[in-house]
Every structure is written in C-alpha cells, then in structure tokens.
There are 2 protein chains.
Amino acid sequence: MSRPTLRDVATRAGVSTAAASLALRDLAGVSASTRESVLEAAAELGYVVNVAARNLRRQRTGTIGIYLPPGVTLQWYYADVALGVTDAAGARGVAALILPQSGDPRAFVPYTDGIVTIDVSREDATARALLESGVPIVTGEAVPEELPRPTGVVFVDHYARAREVLAHLVGRGAARIGVLLPPDDTVWGAEVARAVREFGGAETQSVSVAFSPTSDEIRAACARLVDVDAIIAIPDGTATSVAGFLRAHDHEIGSDVLLASYTDTLADRLLDPPVTALDLRPRELGARLATHLLDVLDGSAANPHEEFDVEWHFRASTRGRLID
Amino acid sequence: MSRPTLRDVATRAGVSTAAASLALRDLAGVSASTRESVLEAAAELGYVVNVAARNLRRQRTGTIGIYLPPGVTLQWYYADVALGVTDAAGARGVAALILPQSGDPRAFVPYTDGIVTIDVSREDATARALLESGVPIVTGEAVPEELPRPTGVVFVDHYARAREVLAHLVGRGAARIGVLLPPDDTVWGAEVARAVREFGGAETQSVSVAFSPTSDEIRAACARLVDVDAIIAIPDGTATSVAGFLRAHDHEIGSDVLLASYTDTLADRLLDPPVTALDLRPRELGARLATHLLDVLDGSAANPHEEFDVEWHFRASTRGRLID
DNA sequence: TTGAAAGCGCTACCAA
DNA sequence: TTGGTAGCGCTTTCAA
C-alpha cells in the first residue's frame, strides 16, 4: 500500500478534501471540530503531504539554490554560509540545495524558485550566466560593475572594516604593515585593497596571493614583505601559514610582529596565540541571504540592498609591545 | 506570459505531447524528423521542463537529502562530503539538499527520495529517528549496533588505518605514542580506539577529547601526555593546536616529537612542517554515498556494504630522528 | 511511429 | 463554514 493522500484523510475525517487541506495548513475557513477530526485522521494514517503535487499546484518548487564560488575545495566560511541558508530557509518551510559545481549548475535552476550566492567574481562565467538568466538572485557582497544587477544584495562594509584593523595595528605600535591581499576580482577584495591603498596612517606593503593560497605560496608572499612589524592575512585560512612562517623566523607573534586574520576561521581559532580576526558571522549572513530571497519571492520585498554588520575580535596576536 | 509548457512545444512542432516528451528525453519511439522538430521548437521557445509536474507524475522528488551530524559548526570534512554528494547526484540529474539542523530535519524528508548521512552517533536522536522512519538511507561509516540498520553502508577500515600509522611511528623511532581520541559514540571512533588499545608495538597513552575540541581542550589533553615522542591527533583540525602546544614547549616537530593527523584537513595542509595525515577523500566518499543511494532507489541495488579505500600521506612531521 | 487521454495529489475557486 | 471540482504540466498507457 502506498502513502495516504489528502483524499484518504478527508474521507476518514468525513469532510471534503478542501476542508482537510485548510485544516492541515492551519488556515482559516474550517470549524474547530473539523480541524480536530482532520488532524486526528491525518495522524492515524501517518499522512505526509506530497511535496511534488503541492509544488505543481502552487507553481513553485519550495526550494532555493545555493551557488558557491567554484574551487577545488570548500572554504570553511562558505560551508557555514550554506548551513545558515539551509537553516533559515528550513525555518520557513523551504529547502535549500547546493548547485553542483561539476557539470552545468544551471541544469538545477529549474529545481529552484531563486538563487543565493556569495562573493561573485567578475571572472566567473557561471555566475554571470546565472545573473543573466533572470532568476531571482540575492548575493552576499556586491556584484562587480560589469555584471548584471542581482535582485538583492546583503553586503559588508569592507572598506571600513579594513581601515579599522589598520588603525588598530597602528594603535598597537605598528609602523610597517604587510597585507596579503586576495585577487581583486570580487568587490569585497577590491574594497579591502582600496582601503589599504588609501590608508595614510602607516607604511603598507601589499602582496597578492590566490583566493585559496597554498602554504608555499603564503610563505613566499611573507618572504617578500620587507621588515614589517604587522601582517594582515586576508584570504580564509591564510593566517595559519603566516604564523608558521613567523615562528620559523623566530618572530614572536603579538610582540615582534602583530598578526591579524581577515576571516575568523576555525583554523585560526586553533592557533596559538589566539589571533585577532574579523568575525564575518557566515551563518548569520547565510540566514540573511535566505530571508532576503524568500521575502523577494513572497513579494514582501524589502530594501534591495541591506548592510550586514561584522566586527573585529582583538586578541593576543595584536597585543603589541606597547601594552603589557 | 509564463513559461512554455510541453504542450506549447508540441503544438509548435506539430506533434503530440507524447511524442514531444519522448523526443526531449531522447527516448525511442519517435522518428528522427519528429525529434528534430521538437528539439528545435523547444530551443526556440526556451522550454524547460516543469520539475514539480515531472516529479508528481513520476512519484518521486528527484532530490536526495544529506543529514550531517549536528554541531555548532561545520567541519571541513563534512562540507566536502556534502559537495561530493551534490556533484555525484547532480551528474545523475538528482538534486541534493542539506537537511536543516535547526528545527526538525524530518520535516524535509518528504522533499527527498532518500537520505545519505555520515558518522552516525549512538547519541544522535535525530539520526535514530531517521533510521527508524524507513526512508532509504545510506551511511558513511557503519551504524552503532543499537540503532536500526541502514539500507547501505560505505565504510573505511579504520582499525587497519589506525594500526598502520602506529606501525609507521614505531618505524620512525617512536616508543611512547600519545593519541587524542574522539568520543567512541561512533563506530569509527570506537574502531580507532580499539586499534590503539590492542596495539602492542609501543606504549600508547590515550586521552579523550571532544568531537570538535577547542584549542584549550586540546592543549590540556596534550599536557596530560607523559613524556611521549609521538602524537596522533584524531579529530578534524586538532593537529593545528597540538602543533602549537609542541612549539610552545620547544619541541621540534618531526624529530623530538612526531605528529600525525587522522584527518587531512585544510588547516593541516597550511601547517609547518607538513603533517602526516590520513587522506579521507571526503569528496569521493560523498560521491560514493550518493551513487550507492541512487542505485538503491533505481533498484539496481549493489552490495549493501562497500569498503572505501583511504591512505596515509607521510610527510615531514613524522620523519623522525632515525632518517635524515 | 503516432495521438488521445487518464491521472499523479494537491490547492484554490466558486457556489451553496 | 462547507463541499464539489477544475486544473497545475507531465508521463505513460492504450489504440490506432
């Protein structure tokens, strides 16, 4: 025997399918007694709604898609964003699926009512295609100028955050600050780079590294910094290798050389000494992305651009020699 | 105007919807000319199949669910497993969604045709409920005895792998080996613990830590190890903090004290020196889980238990003093 | 090889 | 507040 249908429930409760439908969704239009008997019948039969039928009728999929930046391996930050999306959507009865990165992700767009994505790169042809396809799409961080505008944006003020940590380092005695910058093909990467460029409070030295640099690449980048007394490691996880480099060269982290991480990643939390880092709250960001998209889909469209607050956690790695 | 339907395509091509349906799915039963005109009409109209309608008709959802172990934060390993599932399922035209961890994950089971999960703990009531619910479910690693049997299992021989690294360390001169063990509420955790317990080639000292230990907890655990010359860090990411502890105590990693990580995690790869680690190939494991489940759903059921091979990558952190 | 048509299970409309 | 019913778009069976 197969799964019981709404008709089965209605029959058992002695009401119409229409009434049963309303009762099960806790909507108005049925008497309390009808509702009770429907619920009872449903429980007895073990009724679960047929999602496909409901979706067909409602002309939607009940699912949103998550498009993550392509890359061999998933950074912790994005994984957490994805979980945030999943939970927030789930709380509103909507499922979230991650678009496959192999093959054409667009094949799964029809499975969804809309897409959330994050850190769109101007080099990413798939992201461009998605933006051009016209599906509702909400992005974390702004989208580079040359790409079509998304439906909504949830953004962090990276210019301000980068200035903040630069000022902090100066306050702790730094005079020559090295920065390991990611590629500037994303808006946030470009904003951080601009903040460093325009900062006048100290000498800054920028070195570009990959978005997901290897340990060797990071060490090589560190070696190119000349006589710095502070380093800001921007890409996710980079601080770990920078710390290794500094120790290998007998620098005391937090006094000889200050170290700040732009991503408060799991790896950083396991470092010693604890590293000053920007808590990007990926999970909450994911939740905001999902909520924003669902609001758009519901028509209860809010502001298309909303800012997302993040803050620095100052820890021992930037204590400095001035204060003890 | 809304999205074109199959009927629109058929009308335009001058054929029946039945023929159009076959042609679009590249099935037999239509002439070459019919197929061609259908494909042309579909392209012109920009036809995309209505997933909900197809699913309703086919009596399935075209989606599988991923249930990840509950926890505050996502370990890199699980994130990669999830991506592997997503890609492998996607290649077969099936979407994969992560069951929300907040709220009742079972609410989304009706959205799926089956579930994959991993590292089932005997303490996890939700996993138990899922296993009891009767949905097809394939697990990574075996399920503890006291829980219902899953439909399929893809497992690693952790007993053998743990012995392997113990023997390796002995071969590199270790005589007193400390092991940071995870809780044994999972089968794999228990298997590793058993391998350590039964190993006779050296003195072993086990210390239990949490599944996702904090840096402080790991350091405390290290401090309890007495005069060891090698440490195996089992939980994901733990090696980072162990390395920090060792350096803080002026131990040279790879000579004074050997260090092996049981999870070849991103964080470990950024460590210095490179850490000997077990490459668990999470992505491939995820792919195998998805494939296994889809085979079950197709009825082309393979072996319910299949082994998954992983191997150690021996690196500088276990070079030892013997060889130089 | 072709076309007609039933019907998957649900929601929403309409009339009572 | 109730019940009857149309129909979402597709796949599949059945006859031609």
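- Rounded to whole Å, atom C1' of D/dT1 lies 12 Å from atom CZ of A/Arg35.
- Within the 4.0 Å cut-off from OP1 or OP2 of D/dG3, at least one side-chain nitrogen or oxygen of A/Ser16 is found.
- Between the CZ atom of B/Arg54 and the C1' atom of D/dC8 there is a distance of 16 Å, rounded to whole Å.
- Each of A/Ile115, A/Thr117, A/Leu130 was checked for a side-chain contact (heavy atoms from CB on, under 4.5 Å) with A/Thr139, and the lone residue meeting it is A/Thr117.
- OP1 or OP2 of C/dA12 lies within a sub-4.0 Å distance of a side-chain N or O belonging to A/Arg25.
- Under the 4.5 Å side-chain criterion, counting only non-hydrogen atoms from C-beta, B/Val310 is not in contact with B/Asp279.
- Comparing C/dG3, C/dC10, D/dC10 by their nearest atom to the side chain of B/Ala19 picks out C/dG3.
- For the pair B/Val156/B/Trp188, no side-chain contact is recorded, criterion being any heavy-atom separation below 4.5 Å from C-beta on.
- Side-chain nitrogen and oxygen atoms of A/Ser31 include at least one within less than 4.0 Å of the OP1 or OP2 phosphate oxygen of D/dT2.
- Nucleotide C/dG9 holds its P atom 19 Å from the CZ atom of A/Arg60, rounded to whole Å.
- Distance from the side chain of A/Thr5 is smallest for C/dC10 among the nucleotides D/dC10, C/dC10, D/dT13.
- The residue among B/Arg57 and B/Ala28 whose nearest nucleotide of DNA chain C is located toward the 5' end is B/Ala28.
- Rounded to whole Å, atom P of C/dC8 lies 14 Å from atom CZ of A/Arg3.
- A sub-4.0 Å separation between OP1 or OP2 of D/dT11 and a side-chain N or O of B/Ser21 is present.
- Nearer to the 5' terminus of DNA chain C, by closest-nucleotide assignment, is the contact made by B/Val30 (compared with the other of B/Arg58 and B/Val30).
- Between B/Leu22 atom CG and D/dT12 atom P there is a gap of 9 Å when expressed in whole angstrom units.
- B/Thr34 has a side-chain polar atom (N or O) that falls below the 4.0 Å cut-off from OP1 or OP2 of C/dT2.
- Atoms CZ (A/Arg7) and P (D/dA6) sit 12 Å apart, rounded to a whole Å.
- What separates CG of B/Leu56 from C1' of C/dG9 is a distance of 6 Å, to the nearest Å.
- Side-chain atoms of A/Gln101 come within 3.5 Å of backbone N or O of A/Pro69 as a donor-acceptor pair.
- Following rounding to the nearest Å, A/Asn50 (CG) and C/dC10 (P) show an atom-to-atom distance of 5 Å.
- Side-chain contact check for A/Ser212 versus A/Asp236: every heavy-atom pair is 4.5 Å or farther apart.
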